[in-house]
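By convention here, the first residue in the shown sequence is residue 1. Since this is a predicted model, take the numbers as computed values, not measurements.
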Amino acid sequence: MESLALHNHSVAAPSLISCRSTLFRRVRSPSVSPPSIRHLSPPLPVRFSAAPKPSPSGLFPLYSPPSFNKPSGFDSIPRASSSLQPQAIPAPPPAKPVLQGAKKLPLVISVAIGLIVRFLVPKPVEVTPQAWQLLGIFLSTIAGLVLSPLPVGAWAFLGLTTAVVTKTLAFSTAFSAFTNEVIWLIVISFFFARGFVKTGLGDRIATYFVKWLGKSTLGLSYGLTLSEALIAPAMPSTTARAGGVFLPIIKSLSLSSGSRPGDSSSRKLGSYLIQSQFQCAANSSALFLTAAAQNLLCLKLAEELGIIISSPWVSWFKAASLPAFICLLATPLVLYKIYPPETKDTPEAPAMAAKKLENMGPVTSNEWIMIGTMLLAVSLWVCGEALGIPSVVAAMIGLSILLLLGVLEWEDCLREKSAWDTLAWFAVLVGMAGQLTNLGIVKWMSNCVAMSLQSLSLSWPAAFGVLQAAYFFIHYMFASQTGHVGALYSAFLAMHVAAGVPTILAALALAYNTNLFGALTHYSSGQAAVYYGAGYVDLPDVFKLGFTVALVNATIWGVVGTFWWKFLGLY
């Protein structure tokens, strides 16, 4: 309900100033130029207390209402005075021109990075000129997303335009990712989130969380984390969980506490909850084989190399359980220390939440429709593979039901700017990353890593650590976890085997890594785009926190995993 009130407030009547300006323009003739206005004599010689204020445009003075504070020695009603002479009103100083367009320094740095790679760094003989040129454009695009010379969507579009204008990519190839199923699943997830807010269901669910766990922000974060871990095995899409379940709850909680996206109040609650849920989601996806689509793909690729894992669901969970659980417990606390929310303790929140639930009354028909639609969508996501229904088709069915029954209107979808902005920039990055793979850039990098390891004659534990780190940080060049798996998983698994790493350990560790690097950047996964699109976290913070938490996760998985996997007999 709070979010609806905010929306209604944003569309309030025009301001008094604009109304006054309109009224004055009806009195003054528009043909009179500004210099001649100050030489006009008033129709009656009236005593003025102050000069009229200039309008924002500088063309017409604004009407100033009479002061209600009566000066001493003056009547409240102005009297005519034959001695009063009109005084010239000094023209306001010219306003300084407001610079528009791209920020100069970030623009220069971003473009320079791409030009240096393209023209100054020697091109390897194994790489084609087209691939090397696309790499320069891609790196320039990534740099611009970090430095923000323009909004994210605008800068991504400039990168795509550059690729087309320079004939690095054909038009159809450049825009091919706009039909990517994962991207459209993200877009529809934004619409589901709007449905949660519009019906009040998100506010109701958020209020229940406040009632049960709302004594502290840290406790609330742990409650959301536990909830995700519990539903992850039955909802095999991190993106769907983010957009369809947890983002609406977090947004409702944040708005209810006065934490709004895009301004300084975002740090009160929303920024911390978004980052905590985003980083914990990577470990929830790594905990269960059925928690993410790329997990099954990893095991299929391992089977093609002759590495078969018996009882895959149980084996996966056993190997991931201890390090994943420790990460799930540590991540909210680590973020609480390095990225603290301004609101930490809310001791009165549970009682207030209970009172609010009482005032909200029973669940409305639209809320029941929203609940039923989401249960249907979740069921189709869980059973979709057996029924032959892809995740995006299940989401489309759910959205169609909401539109048909009037829970959402098409205008609601059109007003969801974050969804359309995400569609633009995420599709650009996915398309570029896919073409880098097709043109052989990624394969060339993998070969370079393999040759370096061979020349160093490393033991298999050392090679294991180097290869895992390389596999992880190469994801800065990818905008899709599934795309990363398709491009590199088989190659890196083969390098592990060649270095003497035990096969089962290599296959599982790479698969777990595939989930963990989904929280590196705002474009590294579907859920990354969903959470970043909420507008609560600034782009530099996304990169900084993604790298920091990645080091924490790597330490826990490396240290705890080493002993745990030894105990399980994986090596």
Let me confirm one number: the CD1-OG1 distance from Ile326 to Thr555, rounded to the nearest 0.5 Å. 12.5 Å
Rounded to the nearest 0.5 Å, what separates atom CD1 in Ile137 from atom CD in Gln435? 12.0 Å
Side chains of Tyr272 and Glu342: closer than 4.5 Å at any heavy-atom pair? no
Are any of the side-chain heavy atoms of Val560 and Phe563 separated by less than 4.5 Å? no
Donor-acceptor pair, distance only, cut-off 3.5 Å: does the side chain of Ser252 make one with the backbone of Ile249? no
Looking at side-chain heavy atoms only, is the closest gap between Tyr471 and His484 below 4.5 Å? yes
Donor-acceptor pair, Thr141 side chain versus Ala156 backbone, under 3.5 Å? no
So, the side chain of Asn513 versus the backbone of Gln468: is there a donor-acceptor pair under 3.5 Å, distance only? yes
Would you say the side-chain atoms of Ser315 pair up with the backbone N or O of Ser310, donor to acceptor, closer than 3.5 Å? yes
To the nearest 0.5 angstrom, please state how far the OG1 atom of Thr548 sits from the OH atom of Tyr339. 12.0 Å
In terms of ring plane angle, is the pair Trp313 and Phe288 parallel, tilted or perpendicular, where the classes change at 30° and 60°? tilted
Check for a donor-acceptor pair, side chain of Ser140 on one end and backbone N or O of Gly136 on the other, with a separation under 3.5 Å. no
Nearest heavy-atom neighbours spanning Leu329 and Pro332: O-CD, 3.9 Å
Mind listing the closest non-hydrogen atom pair of Ile504 and Ile308 along with its distance? CD1-O, 3.9 Å
Side chains of Ser276 and Ser221: is there a donor and an acceptor less than 3.5 Å apart? yes
Taking it one step at a time, do Ile274 and Leu247 satisfy side chain to side chain contact (heavy atoms under 4.5 Å, CB included)? CA-CA 8 Å; Ile274 287 285; Leu247 180 60; 3.7 Å; yes
Check: Val127 and Leu135 side chains under 4.5 Å, non-hydrogen atoms: no
Classify the ring geometry between Trp316 and Tyr512 as parallel (under 30°), tilted (30 to 60°) or perpendicular (over 60°). perpendicular
Taking Ser525 for its side chain and Gly518 for its backbone only, find out whether a donor-acceptor pair lies under 3.5 Å. yes
Are side-chain N/O atoms of Thr422 and Tyr532 paired as donor and acceptor at under 3.5 Å? no
How are the rings of Tyr523 and Phe543 set relative to one another: parallel (under 30°), tilted (30 to 60°) or perpendicular (over 60°)? tilted
Given the rule in the side chain to side chain contact (heavy atoms under 4.5 Å, CB included) test, do Thr521 and Tyr476 qualify, once you have shown the distances and angles that lead to the verdict? CA-CA 7 Å; Thr521 67; Tyr476 275 109; 3.5 Å; yes
Ile231 side chain reached by Phe246 side chain, heavy atoms, under 4.5 Å: yes
Short question: side chain of Thr290, backbone of Pro233 - any donor-acceptor pair under 3.5 Å? yes
Please test Leu508 against Ile309 for side chain to side chain contact (heavy atoms under 4.5 Å, CB included), starting from the C-alpha separation and ending with a verdict. CA-CA 9 Å; Leu508 289 176; Ile309 301 175; 3.6 Å; yes
Any donor-acceptor N/O pair, Lys268 side chain to Ser257 backbone, under 3.5 Å: yes
Using a 3.5 Å distance criterion without hydrogens, assess whether the side chain of Ser321 forms a donor-acceptor pair with backbone atoms of Lys318. yes
CD on Gln279 to CG on Leu516, rounded to 0.5 Å: 10.0 Å
Counting N and O atoms only, with roles assigned by atom type, does the side chain of Ser259 sit under 3.5 Å from a partner on the main chain of Ser266, one being a donor and the other an acceptor? yes
For Ala494 and Leu305, work out which heavy atoms get closest and say how close. N-CD1, 4.3 Å
Decide yes or no for Val537 and Tyr531: does some side-chain heavy atom of the first lie under 4.5 Å from some side-chain heavy atom of the second? no
With rounding to the nearest 0.5 angstrom, report the OG to CG distance, Ser148 to Asp538. 9.0 Å
Yes or no on side chain to side chain contact (heavy atoms under 4.5 Å, CB included) for Tyr222 and Leu333, after CA distance, side-chain angles and deciding distance? CA-CA 9 Å; Tyr222 276 116; Leu333 184 60; 3.7 Å; yes
For the residue pair Trp184 and Trp420, does the interplanar ring angle fall in the parallel (under 30°), tilted (30 to 60°) or perpendicular (over 60°) class? perpendicular
Does the side chain of Phe464 come within less than 4.5 Å of Ser459's, by heavy atoms? no
Least distance between heavy atoms, Ile188 atom then Leu399 atom: CG2-CB, 4.1 Å
Suppose we screen for side chain to side chain donor-acceptor pair (under 3.5 Å). Which residues come up paired with Thr168, at least two apart in sequence or across chains? Gln133, Thr166
Applying side chain to side chain donor-acceptor pair (under 3.5 Å), can you list everything that pairs with Trp557, at least two apart in sequence or on another chain? Asn283
Which pair of non-hydrogen atoms, one from Leu287 and one from Ala324, has the smallest distance, and what is that distance? CD1-CB, 3.7 Å
Distance-minimising heavy-atom pair for Pro323 and Ile556: O-CG2, 3.8 Å
Under the side chain to side chain donor-acceptor pair (under 3.5 Å) test, residues paired with Ser285 that sit two or more places apart: Thr238, Arg241
Please report the interatomic distance CG(Leu147) to CD1(Ile113), rounded to the nearest 0.5 Å. 6.5 Å
Report yes if some heavy atom in the side chain of Gln527 is under 4.5 Å from a heavy atom in the side chain of Gln481; otherwise report no. yes
